[in-house]
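Numbers here are sequence positions counted from 1. All of these numbers come straight from a predicted model, not from anything done at the bench.
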Amino acid sequence: MDLHSGLPYWVIKNSLLDYFHPLKDDFSTDIVVIGAGITGALMVHELCNAGLKCCVIDKRSIATGSSAASTALLQYEIDVPLCWMAEMIGEDNAVTAYRACLQSISDIEKVLESTGVEAGFERVPSLFYASTQKDVKLVKEEYEMRKKHHLPVSLLGKEEIKERYKLQVPGCGLLNEVSAQIDAYRAATGLLLYHIKKDGLEVFTHTGVKECVEKRGGYVVETDGGYKIKCKYVIVAAGFEAGKFLPREIMDLTSTYALVSHPVDPGELWPEHCLIWETADPYLYIRTTGGNRIIVGGEDEEFCDPERRDALLRKKIRILEKKFRKLFPDIPFKTEMAWCGTFSTTKDGLPFIGTWPGKKRMFFDLGYGGNGITFSMIGAQIICKKLQGLEDERSKVFGYERIEKYGS
């Protein structure tokens, strides 16, 4: 299934990478990473830095799956509010998850700095506002919970939000100064090309996986072309398409929509260019780009049928435009391009990271939900440590032990 349709802004902005390197012979390595998007790229970076021998395999061109369609907001907030998550998985575990996401933003920044990959990483504030007066209570409860655990947050009233950001919202909001935004396509392609050049990393594109056959001491990955890769470990970093490798379904599939505006005069944008999202479900989310464009996304639908998804694109464009103009009536907004895509969500808003029970040599780095990129950084660190015989306290929060209660 196509992961997105329409014209993702990032592929046009950066131009499509001309990298064609299908597997044409049998191959042997220690670790096979399935997926050449941002999740796979961060995973490979951790493996290469640890001196672990690996390769990457993907049925598409590099980063042309979900990474090309990502709007790439980097926030420590998770789709499920902390005050709700605490009731679902326990307060300590919920706080661990939120703190892990907070640290992940800085870790991504360090990865890009250390490799010299210019991926449009920019520190910006993030504003989470009450969509209705009824949601004001939720926002205030969330504020108290975050303050209790010393997470970075400020509570702003409706009038303060209007004065500071020229934003007309129904209720109060939470502001943090530690969020960021990125170009996920550029980050993924940049990191993989960096390790191809520096470490001789083999990235086999246009090479589908037929099956992974477990053998004594590892796996044999059989490709659609009939070739085999012998390895000790397999790491599945293929987003919702990882379902074919899982013994059972653990996620829900959701279709989302996004559009990008014509360039806007910098003086007409809201101050600080903060990320904006809301309490509604599904929620609206807004960011800017380095070229003073505005990206608006949301209007999620709980289905993955590509024909149904694509048929709604024009209708969703009109709805998203209307919602933006209601918030910012004075900003001239005209859509330049739009796209839709499919991603996975879980009941508790958290990813699944680690091995499936009983499968000690197949790891899953599945950064589901709206925090896919920050989750991917966490997953890369946890799995890389595990392969080196090291433990990570975060693994108990993101592992598969919670499947029966909070899986799909």
Under 3.5 Å side-chain donor-acceptor pair for Thr256 and Asp300
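A donor-acceptor contact under 3.5 Å links the two side chains.
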Quick one about Thr205 and Ser61 (side-chain donor to acceptor, distance below 3.5 Å, no hydrogens or angles considered), yes or no?
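Absent: no donor and acceptor within the cut-off.
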Between [X] (side chain only) and [Y] (backbone N and O only), is there a donor and an acceptor less than 3.5 Å apart?
X: Ser126; Y: Asn176; value: no
X: Arg99; Y: His149; value: yes
X: Arg287; Y: Ile182; value: yes
X: Glu299; Y: Leu320; value: no
X: Thr39; Y: Ala237; value: no
X: Arg394; Y: Thr96; value: no
X: Trp339; Y: Ala69; value: yes
X: Lys396; Y: Glu393; value: yes
X: Ser261; Y: Ile294; value: yes

Under 6.0 Å from the [atom1] atom of [X], do we count more than 12 heavy atoms belonging to anything else shown?
X: Lys323; atom1: NZ; answer: yes
X: Asn49; atom1: CG; answer: yes
X: Lys13; atom1: NZ; answer: yes
X: Glu113; atom1: CD; answer: yes
X: Lys137; atom1: NZ; answer: no

Aromatic plane relationship, Tyr285 with Tyr283 - under 30° parallel, 30 to 60° tilted, over 60° perpendicular
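The rings of Tyr283 and Tyr285 stand perpendicular, inter-plane angle above 60°.
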Classify the ring geometry of Phe27 against Phe204: parallel below 30°, tilted from 30° to 60°, perpendicular beyond 60°.
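Ring orientation of Phe27 relative to Phe204: perpendicular.
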From [X] atom [atom1] to [Y] atom [atom2], the distance as rounded to the nearest 0.5 Å:
X: Gln75; Y: Tyr98; atom1: CD; atom2: OH; result: 10.0 Å
X: Thr346; Y: Phe398; atom1: OG1; atom2: CZ; result: 10.5 Å
X: Phe364; Y: Phe352; atom1: CZ; atom2: CZ; result: 11.5 Å
X: Asn292; Y: His262; atom1: CG; atom2: NE2; result: 14.5 Å
X: Gln381; Y: Asp107; atom1: CD; atom2: CG; result: 4.5 Å
X: Cys83; Y: Met85; atom1: SG; atom2: CE; result: 10.0 Å

Check: [Y] and [X] side chains under 4.5 Å, non-hydrogen atoms:
X: Leu155; Y: Val139; value: yes
X: Leu259; Y: Phe324; value: no
X: Val203; Y: Val44; value: no
X: Ile235; Y: Leu47; value: yes
X: Tyr76; Y: Val153; value: yes

Atom of [X], atom of [Y] and distance for their closest heavy-atom approach:
X: Cys340; Y: Asp310; value: SG-OD1, 3.4 Å
X: Ser67; Y: Ile38; value: OG-N, 2.8 Å
X: Tyr19; Y: Ile62; value: CD2-CD1, 3.7 Å
X: Val32; Y: Thr29; value: CG2-CG2, 3.9 Å
X: Gln133; Y: Gly171; value: NE2-CA, 4.1 Å
X: Arg325; Y: Phe333; value: NH2-O, 2.6 Å

All pairs passing salt bridge (Lys or Arg N to Asp or Glu O under 4.0 Å) where residues 114-131 contributes a residue, at least two apart:
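As it turns out, the salt bridge (Lys or Arg N to Asp or Glu O under 4.0 Å) pairs with a partner in residues 114-131, which skip direct neighbours, are Glu109-Arg123.
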Residues Glu272 and Arg164 bridged, charged N to O under 4.0 Å
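Salt bridge between Glu272 and Arg164, a charged N being under 4.0 Å from a carboxylate O: yes.
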Assess whether a salt bridge exists between Lys148 and Glu144, defined as any Lys/Arg side-chain N lying under 4.0 Å from an Asp/Glu carboxylate O.
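Result for this pair is no, no salt bridge flagged.
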Single hit among Lys315, Arg309, Lys316, Arg308 for salt bridge (Lys or Arg N to Asp or Glu O under 4.0 Å) with Glu301:
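Looking at Lys315, Arg309, Lys316, Arg308, the match for Glu301 under the salt bridge (Lys or Arg N to Asp or Glu O under 4.0 Å) is Lys316.
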